[in-house]
Amino acid sequence: MDFIGNDISGGTFSGPVIQAQHVHWGQAAPVRTPRMLLPEPEEFVDRAAPRAKLDDLLAGRDGRRAPRIVVITGIPGIGKTAVALRWLYDVRDAFPGGQFYADMSPQGPRSPIDPVSVLETFVGQLGTPREERPAGLAELSAYFRSLTADEPSLMLLDNVVVPAQVRPLLPGAPGSVVVVTSRNRLTGLSVSQPGPDYVTLDALDDDACAQLFGPVAEDGPDGGHDGGQALREVIRACAGLPLAVRIARVRAAEGAEALRELADELTDPQTVWEALSVADEIPYPKVLDVAYSALDEGAAAVLRMLGGHPTGEFAGDLVKRLGGDGRAGAKALRTLVHERLLEPSTAGRYRMNGLVHAYARRLLDETPPDTAAGAPTPSDTATDAIIDWYLERAAAAESLVSDRWRFGSRFTHPARPAAVFENEAAALDALEPDGENAAAVVALAARTGRSALTCELAEALRGFFFRRKYHTRWIGVCEQALEAAGRLRDDLVLARMHYETAFALYDRAGDGDNDAARHHYERARALAAGIGHARTASSALEGLGQLALREGRPHDAIALFREAATALGDIEHPRGRALLEYHRGRAHSAAHDHAEAARLLLNARRLFASLTDRHDPAVARPDRYNEARALTRYAEARLRADRPDEALAGLDEAMALFPPRVAPKERADAVLLRGDVLAASGDHEGAHREWRAALETYTGIGSVKAAAVRSRLAAQGADGPPAGGPAAGSGL
């Protein structure tokens with residue numbers, strides 16, 4: 001007879017079972033709806049922008065497509081999980097399939113969890129007994145998708161390390177949303193379609209940090225000048241990281257004295273990490289330790305060296321250099337960005353959060369030194385490498401700006417600065433984002449006792465500061481170099497630093513700058529005369545002549561320029577002689593000796609055009625910038641001689657010679673003078689147009705000459721010349 005079975009298998013059943021001969025029927029247990037999310041954060045501030053982006057992504061989900069993946073990225077301690085949880089709690093009612101959660105690296109990024117174990121947990125939460133779960137990643141993943149195919153669900157995968165952890169865990173229902181938090185962008189997820197959406201978290205601003213402090217912040221700023229200042233210092237030191245703020249708040253809640261102590265500790269590199277380690281909170285240093293432990297040695301070494309950089313923002317090329325250039329440096333940069341220890345800033349530049357930067361400095365200080373006798377400390381190695389990178393670039397730019405004589409080792413024959421930049425304009429543009437950093441590196445060199453390097457940096461940065469007119473930084477650099485030169489006990493270096501300081505003060509021409517410049521020129525002259533250094537003595541006399549000319553003493557200026565030429569003796573110095581010819585032309589123009597002024601200025605232009613390379617006289621190296629300046633002054637002299645047609649021709653030629661993007665102030669001077677020439681010729685509409693163009697440039701670079709241009713524009717009537725006569729305002 002046929003076998004008649006009396007058993008039930010193949011699933012999980014509950015409730016009544018009816019059997020009638022060959023009919024078997026049972027009621028399957030319903031799939032449970034998981035509620036696995038961590039508790040909702042009790043404290044939450046700001047984050048309006050990322051939450052709005054998450055809402056937009058939710059509103060745009062398409063029920064016919066695969067689950068949507070959203071990757072929330074940011075540096076350690078930025079609050080990725082808190083943002084994800086707060087948003088998921090807000091939208092959970094729209095996902096009847098439930099909420100899943102998994103920490104994908106509970107033991108740190110070096111030990112990412114296997115997605116198989118996560119799937120086993122998820123399937124168990126859905127009601128499948130352990131003994132009935134499929135084995136293997138592919139089978140488990142397919143089974144999980146089938147269990148979650150009917151209703152859209154939410155999923156939070158926290159601290160994901162690699163993209164391979166994500167794809168097998170995607171639920172099956174269209175319209176599901178999977179939120180991933182990770183320090184990196186998990187670019188491998190973009191390989192398959194659909195790719196993820198990204199939400200990047202930035203540091204909180206000071207107001208949001210104060211709000212996170214709660215009552216402590218409410219009492220602090222209004223509770224006395226010391227308490228308010230201490231709170232501001234604490235908030236600034238927390239660098240916008242919510243975790244750091246919460247830790248600091250625990251300390252600050254102990255009272256005003258504790259707040260003041262906390263501010264002191266957080267601003268001291270020696271105590272900042274103890275200040276961010278309190279009971280019942282994850283110490284922030286431990287969070288960074290986890291991130292640091294995930295780095296390979298190359299990236300870890302670069303992170304430590306960046307701790308020696310004076311600021312937390314720098315060029316990617318510097319990071320690569322610290323990593324050894326080539327593939328090793330590029331790999332270190334990629335790794336640090338991938339691990340969110342560096343974040344992209346502007347094009348080609350990166351920034352490091354303030355606390356991460358302080359952490360890198362701590363790592364650098366704690367790195368054991370090489371045991372070899374005389375080996376530099378890791379901190380010294382990092383400092384030297386950083387200074388060398390800035391000095392190399394500054395010297396390369398300076399060599400393109402001018403072929404003037406310099407004392408520094410980067411310029412001495414036969415050594416030449418490396419061919420780092422294509423041309424002068426490219427060099428100045430490349431140095432522009434590093435203007436503040438360069439000044440900070442000079443301070444670093446001075447602070448660490450690198451006096452010779454401090455002076456070389458000041459010398460090498462002169463061309464950049466001069467062309468771009470960053471006078472405050474420039475003079476600050478010169479003053480530090482002057483102090484460093486005093487420590488070197490080298491009269492030539494000291495004379496050169498007095499000269500550089502005088503030149504910067506003269507170029508700024510603010511209140512008291514003329515007197516200060518005169519003092520430094522005189523000191524440079526005396527020191528140079530004492531050691532018989534003719535070039536520096538001549539340059540100082542040249543500077544004193546320019547001051548006399550500015551102060552309305554053209555005949556004194558002529559005598560000083562003549563003395564400067566005599567001081568050179570028989571030294572081969574064609575550039576210096578061309579400059580002296582240029583200055584003599586200006587002085588004769590101011591003395592109303594118009595014919596001699598025109599002769600000297602045109603001859604100066606010829607001398608600048610015929611210059612050759614100082615190291616290789618066979619190579620022509622005309623100085624187009626000073627050619628243009630000589631022609632501009634020639635035009636000014638022709639205007640004073642009441643020869644506006646000749647002045648206009650000289651200006652047109654000068655404008656064609658100014659290198660693009662190199663000398664905005666000097667180019668604006670020529671445009672301003674062109675307006676004066678047009679006004680003298682009766683073309684008041686053209687004059688107005690030129691003056692407005694000059695004003696735009698002066699305003700853009702913060703020049704004090706903007707006020708003089710506004711006066712011209714205000715004084716010009718609809719049909720008449722500016723007040724004071726056509727040539728009255730032309731003094732450049």
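Residues: numbered from 1 along the sequence shown. Computation of the quantities below employed the complete heavy-atom set of this structure, encompassing side-chain atoms and omitting hydrogens, waters and symmetry-equivalent molecules.
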Between Tyr198 and Arg185, is the side-chain contact (heavy atoms from CB on, under 4.5 Å) condition met? List the steps.
CA-CA 8 Å; Tyr198 291 96; Arg185 288 177 62 84; 3.2 Å; yes
Side chains of Asp158 and Thr81: do they bring a donor and an acceptor to under 3.5 Å?
yes
CG (Asp264) and OG1 (Thr271) are apart, to the nearest 0.5 Å, by 8.0 Å
dist Ile72:CD1 -> Asp197:CG (nearest 0.5 Å) comes out at 11.0 Å
Answer yes or no: are there more than 12 heavy-atom neighbours, outside Glu436 itself, under 6.0 Å from its atom CD?
no
According to ring pair (Phe, Tyr, Trp, His ring centres under 6.0 Å), who are the partners of Tyr284, at least two apart in sequence or on a separate chain?
none
Does Asp388 come within less than 4.0 Å of Arg321, counting only side-chain N to carboxylate O?
yes
For Glu139, I'd like to know if atom CD has over 12 heavy atoms of other residues, nucleotides or ligands within 6.0 Å.
yes
Please evaluate residues Leu295 and Leu336 with respect to the criterion side-chain contact (heavy atoms from CB on, under 4.5 Å), reporting the C-alpha separation (whole Å), side-chain torsions for both, the decisive distance (0.1 Å), and the verdict.
CA-CA 8 Å; Leu295 302 177; Leu336 292 174; 4.0 Å; yes
For the residue pair Thr200 / Thr73, report whether a side-chain donor-acceptor contact shorter than 3.5 Å exists.
yes
Please evaluate residues Trp389 and Asp434 with respect to the criterion side-chain contact (heavy atoms from CB on, under 4.5 Å), reporting the C-alpha separation (whole Å), side-chain torsions for both, the decisive distance (0.1 Å), and the verdict.
CA-CA 12 Å; Trp389 186 82; Asp434 272 316; 3.8 Å; yes
Exactly one candidate in Asp384, Leu364, Thr367 meets side-chain contact (heavy atoms from CB on, under 4.5 Å) with Ser379; the answer is Leu364
Can you find a heavy atom in the side chain of His357 that is under 4.5 Å from one in the side chain of Thr311?
no
So does Glu313 pair up with Arg349, basic N to acidic O under 4.0 Å?
yes
Determine whether a donor-acceptor pair (N or O, by modelled atom type, separation under 3.5 Å) exists between the side chain of Thr128 and the backbone of Gly124.
no
Report yes if the side chains of Gln99 and Met36 come closer than 4.5 Å at any heavy-atom pair, otherwise no.
no
Non-hydrogen side-chain atoms of Leu157 and Gln165 separated by less than 4.5 Å:
no
When you check the gap from the basic side-chain N to the acidic O, do Arg236 and Asp206 get nearer than 4.0 Å?
no
Can you tell me how far apart CG (Leu288) and CG (Leu341) are? Round to the nearest 0.5 Å.
7.5 Å
Counting only N and O atoms by type, is there a donor-acceptor contact under 3.5 Å from the side chain of Ser141 to the main-chain atoms of Pro168?
yes
If the condition is ring pair (Phe, Tyr, Trp, His ring centres under 6.0 Å), which residues does Phe122 pass it with, not counting sequence neighbours?
Phe100, Phe144
When you measure from the side chain of Arg86 to the backbone N and O of Pro41, does any donor-acceptor pair fall under 3.5 Å?
yes
Charged N to carboxylate O under 4.0 angstrom, Glu366 versus Arg361?
no
Evaluate the salt bridge (charged side-chain N to carboxylate O under 4.0 Å, His left out) criterion for residues Glu40 and Arg92: first the C-alpha distance (whole Å), next the side-chain angles of each, then the deciding distance (0.1 Å), finally the verdict.
CA-CA 12 Å; Glu40 185 177 7; Arg92 59 181 174 170; 5.6 Å; no
Short side-chain donor-acceptor distance under 3.5 Å, Asp114 and Ser117
no
Look at the side chain of Thr148 and the backbone N and O of Gly172, then say whether any donor-acceptor pair between them is shorter than 3.5 Å.
yes
Taking the side chain as C-beta and beyond, is there a heavy-atom pair between Leu126 and Arg32 under 4.5 Å?
no
Does the side chain of Arg304 come under 3.5 Å of the side chain of Tyr292 through a donor N or O and an acceptor N or O?
yes
Supply the atom-to-atom distance Leu243 CG to Lys286 NZ, rounded to the nearest 0.5 angstrom.
13.5 Å
Is a side-chain donor or acceptor of Ser176 paired with a backbone partner of Ala173 at a separation under 3.5 angstrom?
yes
Residues 142-152 vs salt bridge (Lys or Arg N to Asp or Glu O under 4.0 Å), sequence neighbours excluded, gives none
Residue pair Lys80 / Ser182, side-chain heavy-atom distance below 4.5 Å:
no
Is it the case that more than 12 heavy atoms not belonging to Arg35 sit under 6.0 Å from its CZ atom?
yes
Taking the side chain as every heavy atom from C-beta outward, state whether Met104 and Val161 have any pair of such atoms under 4.5 Å apart.
no
Could you walk me through whether Glu120 and Leu140 pass the side-chain contact (heavy atoms from CB on, under 4.5 Å) test, one step at a time?
CA-CA 7 Å; Glu120 289 174 344; Leu140 263 174; 3.7 Å; yes
Of the options Val177, Leu58, Leu54, which is the one that meets Val91 in a side-chain contact (heavy atoms from CB on, under 4.5 Å)?
Leu58
Using atom types as modelled and distance alone, determine if a side-chain donor or acceptor of Ser153 lies under 3.5 Å from a backbone N or O of Gly97.
no
Are Asp317 and Lys320 close enough that some pair of their side-chain heavy atoms sits under 4.5 Å apart?
yes
Would you indicate whether the side-chain heavy atoms of Leu333 and Val302 approach each other to under 4.5 Å?
no
Test: Arg51 and Asp90 ion pair at under 4.0 Å
yes
Side chains of Trp87 and Asp55: do they bring a donor and an acceptor to under 3.5 Å?
yes
Residue from Val356, Thr335, Val319 passing side-chain contact (heavy atoms from CB on, under 4.5 Å) with Leu342:
Val319
